[in-house]
Every structure is written in C-alpha cells, then in structure tokens.
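To start, the structure itself, in structure tokens.
All values below were derived from every heavy atom in this structure, side-chain atoms included, with hydrogens, water molecules and symmetry-related copies excluded.
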Number of protein chains: 2
Amino acid sequence: MPPTAAAGYELDPKLPIGAQVYGLLKRMIIGLVFKPNEALSEKELALRLGVSRTPVREALIRLAEETLVDVFPQRGTIVSPIRVAEVMEAQFLREALEAAVTRRAAEQPSAALIRDLSRLIDDQHHAANAGRPEDYMPLDEAFHRTISEGTGMPRSWRLIQGVKGQMDRVRFLSLPNKAHLLLLTEQHAEIFKAIETQDPDRAEAAMRHHLKEVLKTIHELAAEMPAIFA
Amino acid sequence: MPPTAAAGYELDPKLPIGAQVYGLLKRMIIGLVFKPNEALSEKELALRLGVSRTPVREALIRLAEETLVDVFPQRGTIVSPIRVAEVMEAQFLREALEAAVTRRAAEQPSAALIRDLSRLIDDQHHAANAGRPEDYMPLDEAFHRTISEGTGMPRSWRLIQGVKGQMDRVRFLSLPNKAHLLLLTEQHAEIFKAIETQDPDRAEAAMRHHLKEVLKTIHELAAEMPAIFA
DNA sequence: AGTGAGATACTACCATGGCATAAGGCTGCG
DNA sequence: CGCAGCCTTATGCCATGGTAGTATCTCACT
C-alpha cells in the first residue's frame, strides 16, 4: 500500500523522479488516498513531494492518458470520477487482451513460465489463508504479469496495466475477505492447470471467467455508494 | 537553417504545443522522415521546430511509451529500430483488440455506425480507383477508428493507435498499388456487411483476415532491407 | 603500438520564472 | 433586488538556466 497522504513520500533522488512521481500518484489514486473529483494542483503536489513542478506535470500527463485524472487546460486537474461506462470498457479491453495472451501461453508454455506460475500460486495460497488482502494483491498482480511477460509479450502487460487502473480503484472499494481470496486462488490454479496441460480453449475460458469476478462487485458498489461514481 | 522545420510542418501557437509536437514527430517517424536508429536531440528538435525543449521532451516521453523512440537517460534519444518481435506483438495485440471490438459492433450496431461506415467505404472505393495511397491512408484509419468509437469504445481506438505505429512504419516501406487498395476496400466492405447483418462470427473473422494482410509484407521486407530492422 | 586514465563535450533531467487563460467574486447599474 | 461586466486570483503551459551523468577523445605511460 502507498504511504499515507500526510507523511513519508520517500523518493530516491538517484532514480528518475518523474517515473517515481507517476507511480506514487497512481498508487495513491487507486488506493483512494486521493478521492475521485479531488483537485490536484501541480504546484501543491510539487511542494508536498519536495520536487519541482516539471516531473509532477509529466506524471499527470501520463495519468491523464489512462483517464485516472482529467486535465482541464488553464483551469486545473482533478482525480477523475469513477465512470461506470469507462470501467466497463476497461473490463472489456482487458478481457480481450488477456484472453488472447492466455490462449497463446497455453499453446506453447515455457518451462520457466510453468515454474513461476506454480510458485506464485503456492504463495497466494498462503497469503489467502493468512487473510491479508494487502499481501495478496501484489501476488495477484504478479500472476497476471507473469503470464504476459513469460509468453514473450511484455507490451501486453503494459497495455493491461494501463486499463487496469480504473478497475483496481473499484476493486479497492470492497475489501475482499479470506473466502474471496481463496476463490481467486482457485481460479488462478484453474488457469494454470489449463496452461500446463496446453489446453488453449480451457485456458482462455478460465481467464475470462476469472476476470468477470471483478465485474460482479461493480454494480453492487455503484448502488451502495453513488457519490463517488460519475 | 530556418527556425522552423521543413515546409508543411508548422505549428499553431494557439493550440497546445506539446500535443502538436507529439503528432508531428509521430508522423515523421512513421513516414520514415526520421530513420530508425537516427539520433533525436531534444535541443536540436526544439530549435528546428521553434519551440522550447519542454514540449519536445513531453512528446518524446509519449513516443517512448509506444516504443517508437528509445530514451537512454543522460545519453540521448534515438528512433527505435524496427524490431520484428515488437511488430509481431503489436500485430497480435491489435488483432485481439480489434477482433473483440468488431464482434461487439456486430452485436448491436447503431444506425449511425452503419451510415458512417457505408460512406467511408464509398470514399475508399473512389480513392482506390484514383490509385493514390496518400489519399487512401486517412480513410483506412477512419474506418477502423469509426468501428471503435461508433461502438462506444473510444479508449479501444487509443490503445489500437498506440500499437499501430510500429506496424504503420513497416507498411510505409511498401507502397501499395491500386490493386492492393481495391483489395483492402473489398475487405472493409466484407467487414461492413457482417456488421450490418449483425453476424458477429463473420465480422470477427473478416477483421482478423483483414489485419493479417499487413503481416504478409513484413517478412518479405525484412528479407529485402535488413539494414533498418533491429 | 597498445592501453588506461583523465579531461571534455555532449546528453537528458530537474528547477524555476514569466505568461496567457478561464472561473468566480465583486461592484455598479438598471 | 437582479443581472451584467470587470477584476482578482488561481491554474496549467511554455521558456530557460543550471546540474549530473555518460561516452568519446586525447595523451601520457608502458
């Protein structure tokens, strides 16, 4: 999880500042530290992060491309509201991409891919039983990233990540419980088995089914908390 | 050397400079005005375009995300070489996205979509018979964009555009002749008919077949002119 | 002649300052 | 009392200067 809004932004001056600011702001937006419709000022962010406005601006431009912020020229920048239509489109695009990649993975899985996925599922099983979502989420992310990158498609993961932000923000609204984490792990295992046994149809179907889990919560949440939706 | 670059590439000071520089550089890279592996200096580009280095830098960052340029921190920026593996991945991702969108379009096509596509195909037929590729390319682009945006998925077009650059650069190497333009139009018409008659399977298949046309030329070209490939 | 170390010249990177523009409040008039 | 127009204030946008880092070139030394 990101540091809180109040304290502890530790930026490493040795690494490119712009990229760090981007990652930090993105995590804070997804983690709802910055709420939808909240104003984000270049000047104020730069002040609070202890950097100049240039890298902040670069980060905001990148976030705007992912529609996590809305930039109004000469007026201001706000955290974008959660627009149901956009979340649905993101879901659709992610499913299209990840289903295709998973199918490809199942066609010719490398030994390294099998090994990495297997290990990740073990770790997920432990984290799920511990019941701590904050430990689980990075493992979930790693699972999906590994399928893309382990199949020789690094760019597909970057595209998926770009659309995923909208969905993650919704997901963050509902803290999954232990049972839910175990269910997710079970679905991951199913995807893995299909890849391992080189069954593309089954792998694609399992991935599509898995991704639809997120969708289920959206409509419930939209009804519960309409304030932060567009 | 004049303060502005080659004629026809001038910038409107009233519009956001950064976005204009991005579009201009992208067109020049795809159009091979800037050759693969050619060095691009922030300072020199700014000088030639008559703007400051800041918007040039912003444009280069965006182009780097599309892997049209490679930025080496503190060293320099070059036009990325045409990497066959990247072109193949771009092709794969584009097909996954556009096949899904086309299927969706065929499920519930709006009247406006039918009308717009129909008109575009007429225009393409005329441009193809005239045999001028430079007139045809914008129409081709519009056809694909219209399917995405006319189906309520504006973001899908942005993703497609992001990966398309790599492929367009390859396509630019082989000037299509009149027969080829007519073939493309025929394929567009087939996609259109499938959408119009609400036949998702046929629409998706037609789009996949259409997109594979580009692939055919890649390997031939890679053999012909290995110099500009990675 | 070959090699290594240092100076140099280049790069992208970040900081800062001035600018134009648009929203919102205030004032004066109807 | 209501509305229109000005003005203040804040914003993002662009220009420019300084900094740190890297490759190359030079020259001394082996």
Side-chain angles (χ1 to χ4, degrees), chain A residues 9-26 28-29 34-81, chain B residues 1-5 9-26 29 34-81:
Chain A
Y9 303 117
E10 307 209 351
L11 295 178
D12 184 344
K14 287 301 176 189
L15 282 64
I17 305 290
Q20 290 184 78
V21 173
Y22 163 76
L24 180 60
L25 291 181
K26 180 166 180 176
M28 293 179 82
I29 291 172
F34 292 134
K35 300 280 190 298
N37 293 308
E38 182 174 343
L40 294 180
S41 157
E42 273 186 10
K43 196 180 297 185
E44 187 194 332
L45 286 175
L47 195 67
R48 290 176 62 176
L49 294 174
V51 299
S52 83
R53 301 197 307 276
T54 304
V56 172
R57 174 175 163 72
E58 290 169 0
L60 290 177
I61 290 175
R62 291 183 62 181
L63 291 169
E65 290 173 14
E66 298 179 22
T67 67
L68 285 174
V69 305
D70 295 338
V71 178
F72 298 94
Q74 326 297 13
R75 290 209 286 132
T77 301
I78 63 164
V79 178
S80 70
Chain B
M1 177 160 307
T4 54
Y9 285 124
E10 266 140 43
L11 301 175
D12 183 347
K14 286 300 174 191
L15 282 65
I17 305 290
Q20 289 185 78
V21 173
Y22 163 76
L24 178 60
L25 291 180
K26 180 166 180 175
I29 291 172
F34 292 132
K35 301 279 190 297
N37 293 307
E38 182 174 344
L40 294 180
S41 157
E42 276 186 9
K43 195 181 298 186
E44 189 194 332
L45 286 175
L47 195 67
R48 290 177 61 173
L49 294 174
V51 299
S52 82
R53 302 195 311 275
T54 305
V56 173
R57 173 176 165 72
E58 290 169 359
L60 290 177
I61 290 175
R62 292 183 62 182
L63 291 169
E65 289 173 15
E66 299 178 22
T67 68
L68 284 174
V69 305
D70 296 338
V71 178
F72 299 94
Q74 325 296 6
R75 291 208 284 132
T77 302
I78 63 165
V79 178
S80 71

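- Spacing between atom NZ of B/Lys43 and atom P of D/dG17 amounts to 11 Å, rounded to whole angstrom units.
- Here the CZ-CG distance, from A/Phe34 to A/Leu45, works out to 5.5 Å after rounding to the nearest 0.5 Å.
- Phosphate contact (OP1/OP2 of D/dC14, side-chain N/O of B/Arg57, threshold under 4.0 Å): absent.
- Here A/Leu40 lies in heavy-atom contact (under 4.0 Å) with sugar-phosphate atoms only.
- The structure places CG of B/Leu25 at 7.0 Å from CG of B/Leu40, a figure rounded to the nearest 0.5 Å.
- Remark: A/Arg57 engages A/Glu42, B/Glu58 in a salt bridge (Lys or Arg N to Asp or Glu O under 4.0 Å) (not counting sequence neighbours).
- Here the range on DNA chain C touched by chain A, meaning any atom under 4.0 Å from one of its heavy atoms, is C/dC14 to C/dA23.
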Exercise for the section: Before giving the answer on side-chain contact (heavy atoms from CB on, under 4.5 Å), spell out for A/Leu63 and A/Lys26 the whole-Å C-alpha distance, their side-chain angles and the decisive distance to 0.1 Å. Expected result: CA-CA 7 Å; A/Leu63 291 169; A/Lys26 180 166 180 176; 3.9 Å; yes
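- Of all heavy-atom pairs spanning A/Arg53 and A/Lys43, the tightest one is CD-CA, 3.8 Å.
- As rounded to whole Å, 17 Å separates atom P of D/dC13 from atom OH of B/Tyr22.
- As judged by a 4.0 angstrom heavy-atom cut-off over every strand, B/Ile61 is placed among residues making no nucleic acid contact.
- A distance of 6.0 Å separates CG in A/Leu49 from CG in A/Leu24, rounded to the nearest 0.5 Å.
- Once rounded to the nearest 0.5 Å, the distance linking CG of B/Leu47 with CD of B/Glu44 reads 7.5 Å.
- When side chains are defined from C-beta on, A/Ile17 counts as touching A/Gln20, because their heavy atoms get closer than 4.5 Å.
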Measure all distances between protein nitrogen or oxygen atoms and nitrogen or oxygen atoms of nucleotides 18-22 of chain D, and list the pairs falling under 3.5 Å.
from, atom 1, to, atom 2, distance (Å)
D/dG18, O6, B/Arg53, NH2, 3.4
D/dG21, OP1, A/Lys14, NZ, 3.1

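- In this structure, A/Asp70 places its CG atom 15 Å from C1' of D/dG12, rounding to the nearest Å.
- Rounded to an integer number of Å, the gap from B/Ile17 CD1 to D/dC14 C1' is 8 Å.
- Of the possible polar contacts, one joining the B/Ser80 side chain to the B/Leu68 backbone as a donor-acceptor pair under 3.5 Å is found.
- Checked by distance alone, A/Thr77 brings no side-chain donor or acceptor within 3.5 Å of a matching partner on the base of D/dT11.
- With rounding to whole Å, A/Ile78 atom CD1 is found 14 Å from D/dG12 atom C1'.
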